[in-house]
Amino acid sequence: ARTEPNNAEMTLFGIMTYLELPYKYTGNGSFIFMGMAPDFVHKTKRKIIELYGERWHAPEEEQERIDLFARSDYQTLIVWSKELRPRPRERKLLYKKLRDFEEL
């Protein structure tokens, strides 16, 4: 098990910090939930953010994970690594996606 976030997780965490979203990195196994270690967990609300890499995850896994955590009343947002591209358009869309999830 990794103890430190990988480059993509660090990028996403940096974005969440920039947006002042109160999440902590838990992909190191510091928070095990339903047998899994979600990447980021909200500090006060029942929200999880998972970072999926296209190489390791299939699109159909997205809804499965959302449904799994929803059984325990957690809202889950999946961010795909391709959304982390530093292009202005993609970055604005990611900022909006994260802010909208925070406001749910």
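When a residue number appears, it is its place in the shown sequence, counting from 1.
Contact record, F13 with K24: CE1-CA, 4.4 Å, taken as the closest heavy-atom pair. Between L19 and R99, the shortest heavy-atom contact is CD2-NH2, 3.0 Å.
Residues satisfying the side chain to side chain donor-acceptor pair (under 3.5 Å) criterion with D100, sequence neighbours excluded, are K96. For S30, the side chain to side chain donor-acceptor pair (under 3.5 Å) partners at least two apart in sequence or on another chain are N28.
Checked against a 6.0 Å centroid threshold, the rings of F33 and Y74 count as neighbours.
At distances below 3.5 Å, at least one donor-acceptor pair connects side-chain atoms of D39 with backbone N or O atoms of L51. Between the side chain of E61 and the backbone N or O of A58, at least one donor-acceptor pair lies under 3.5 Å.
Residues near L93 contribute nothing to a hydrophobic cluster around it, because no ILVMFWY side-chain heavy atom sits closer than 4.5 Å to its side chain. Membership of an apolar cluster is not assigned to W56, as no side-chain contact below 4.5 Å to another ILVMFWY residue is traced.
Distance check: N7 CG to L12 CG gives 12.5 Å after rounding to the nearest 0.5 Å. Y25 OH to T3 OG1: the interatomic distance, rounded to the nearest 0.5 Å, is 8.0 Å. For the atom pair CD of E64 and NE2 of H57, the computed distance is 11.5 Å after rounding to the nearest 0.5 Å. In this structure, E9 CD and E50 CD are separated by 9.5 Å, a value rounded to the nearest 0.5 Å.
Side chains of P38 and F69 form a contact here, defined as non-hydrogen atoms less than 4.5 Å apart.
Grouping the Ile, Leu, Val, Met, Phe, Trp and Tyr side chains by contacts below 4.5 angstrom, directly or via other members, places I32 apart from M36.
By the 6.0 Å contact criterion, CE on M10 is open, its count of non-hydrogen atoms from other residues, nucleotides or ligands being 12 or less.
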Could you give the side-chain donor-acceptor pairs of residues 76-92 under 3.5 Å, partners two or more places apart or in another chain?
from, atom 1, to, atom 2, distance (Å)
W80, NE1, E62, OE1, 3.1
S81, OG, E54, OE1, 2.4
E83, OE1, K97, NZ, 3.0
E83, OE2, W80, N, 2.7
E83, OE2, K97, NZ, 3.0
R87, NH1, E90, OE2, 3.4
R91, NH2, L84, O, 2.6

Quiz: residues 40-49 side-chain donor-acceptor pairs under 3.5 angstrom, not counting sequence neighbours:
from, atom 1, to, atom 2, distance (Å)
H42, ND1, T44, N, 3.0
H42, ND1, T44, OG1, 3.4
H42, ND1, K45, N, 3.0
H42, NE2, E102, OE1, 3.4
H42, NE2, E102, OE2, 3.0
R46, NE, D73, O, 3.4
R46, NH2, S72, O, 2.5
K47, NZ, F101, O, 2.4
K47, NZ, E102, O, 3.1
K47, NZ, L104, O, 3.3

